[in-house]
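Letters go in sequence order (proteins before strands), and every chain restarts at 1. All values derive from a computational prediction rather than experimental measurement.
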Number of protein chains: 2
Amino acid sequence: MRLVVVYDISDNGDRQRLASRLLGLGLTRVQRSAFVGRGGYGHAKDVYRFIQRYVRGEGDSVIIFVVPDESFERALVAGRPMAPLAGVARVVV
Amino acid sequence: MRLVVVYDISDNGDRQRLASRLLGLGLTRVQRSAFVGRGGYGHAKDVYRFIQRYVRGEGDSVIIFVVPDESFERALVAGRPMAPLAGVARVVV
């Protein structure tokens, strides 16, 4: 299983602390507000517990999807993410 | 199945055109750079074909994940997304 973590955090400090925390939890940054990593619902709940404190702004949110490896391996990617989705070939459709 | 579309687009005009296009394709905006919607790989490829033209900047990217409904229904959500993930109860862990 894999985690896909996406977020909207308005406060610059909280957003940077959240990103550092996600890196510390072993996730990989693929876009400014999107991280991915290995793990199932147990890891997702750990991540959730750590990041809640940074979700303070009116329109702030974090969404953690737990997806099967296939969703990852068959993801369609255009352009150049900040890091490659490990195991995903560039897709030319 | 569901689509999760996340993007980093540097040019303001391209970013707005991409967002409008995703809305036009029936997707729902849940964060500034994240859309979701119903559909499988066929719909994902359609979306991919439409949005490639907006991925022009050096560090721009769009990633389209196709995930099972369960990944959606069991997503962990902190804060207030721009629209509710249809079918996902607010999760208190």
Side-chain angles (χ1 to χ4, degrees), chain A residues 1-10 14 18 29-36 40-68 70-85 88 90-93, chain B residues 1-10 14 18 29-36 40-68 70-85 88 90-93:
Chain A
M1 301 292 278
R2 306 287 180 100
L3 305 190
V4 177
V5 183
V6 292
Y7 57 84
D8 260 354
I9 301 292
S10 45
D14 281 343
L18 170 61
R29 189 174 211 166
V30 289
Q31 293 180 346
R32 275 176 293 200
S33 301
F35 281 67
V36 298
Y41 285 99
H43 191 37
K45 287 179 181 172
D46 289 343
V47 171
Y48 185 89
R49 267 192 290 273
F50 275 116
I51 54 92
Q52 283 185 94
R53 69 201 74 180
Y54 306 117
V55 185
R56 300 194 280 200
E58 177 57 28
D60 288 4
S61 70
V62 176
I63 305 170
I64 305 172
F65 295 102
V66 179
V67 307
E70 185 190 2
S71 294
F72 220 68
E73 287 148 11
R74 295 185 63 190
L76 301 183
V77 179
R80 206 190 313 271
M82 294 171 81
L85 275 83
V88 174
R90 264 188 66 68
V91 172
V92 180
V93 180
Chain B
M1 301 292 278
R2 306 286 180 101
L3 304 190
V4 177
V5 182
V6 293
Y7 57 85
D8 260 356
I9 300 293
S10 45
D14 281 342
L18 170 61
R29 190 173 212 166
V30 288
Q31 293 179 345
R32 274 177 294 203
S33 301
F35 282 66
V36 298
Y41 285 98
H43 191 37
K45 287 180 182 173
D46 289 343
V47 171
Y48 185 90
R49 266 192 290 274
F50 276 116
I51 56 91
Q52 283 185 92
R53 70 201 73 178
Y54 306 118
V55 186
R56 298 195 280 201
E58 177 55 30
D60 288 4
S61 69
V62 176
I63 306 171
I64 305 172
F65 295 102
V66 179
V67 307
E70 186 191 0
S71 295
F72 222 68
E73 286 144 15
R74 296 185 62 189
L76 303 182
V77 179
R80 205 189 313 269
M82 295 170 81
L85 273 85
V88 173
R90 266 189 65 65
V91 172
V92 178
V93 178

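- Contact of Val6(B) with chain A is made through backbone and side chain together, with heavy-atom distances under 4.5 Å.
- Here the options are Arg49(A), His43(A), Lys45(A), the test is side chain to side chain contact (heavy atoms under 4.5 Å, CB included), and the partner is Val47(A); only His43(A) passes.
- For the set Val67(A), Val66(A), Val62(A), the entry with the most heavy-atom pairs within less than 4.5 Å of chain B is Val62(A).
- When side chains are defined from C-beta on, Glu58(A) does not count as touching Ser10(A), because their heavy atoms never get closer than 4.5 Å.
- For Met1(B), no part lies near chain A; criterion is any non-hydrogen pair under 4.5 Å.
- In this structure, Gln31(B) contributes its side chain and Ser61(A) its backbone to a donor-acceptor pair below 3.5 Å.
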Item to complete: Give the intermediate values and the outcome of side-chain contact (heavy atoms from CB on, under 4.5 Å) for residues Arg2(A) and Leu85(A).
Response: CA-CA 11 Å; Arg2(A) 306 287 180 100; Leu85(A) 275 83; over 6 Å; no
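- A pairwise comparison of heavy atoms in Arg32(A) and Arg29(A) identifies O-NH2, 2.7 Å as the closest pair.
- For a residue to count as touching a neighbouring chain, one of its non-hydrogen atoms must lie under 4.5 Å from one of that chain's; by this rule Ile9(A) touches chain B with the backbone only.
- Ranking Val30(B), Val5(B), Ile63(B), Val55(B) against chain A, the residue ahead of the rest is Ile63(B), based on heavy-atom pairs under 4.5 Å.
- For Val4(B), the part lying near chain A is the side chain, with the backbone staying farther off; criterion is any non-hydrogen pair under 4.5 Å.
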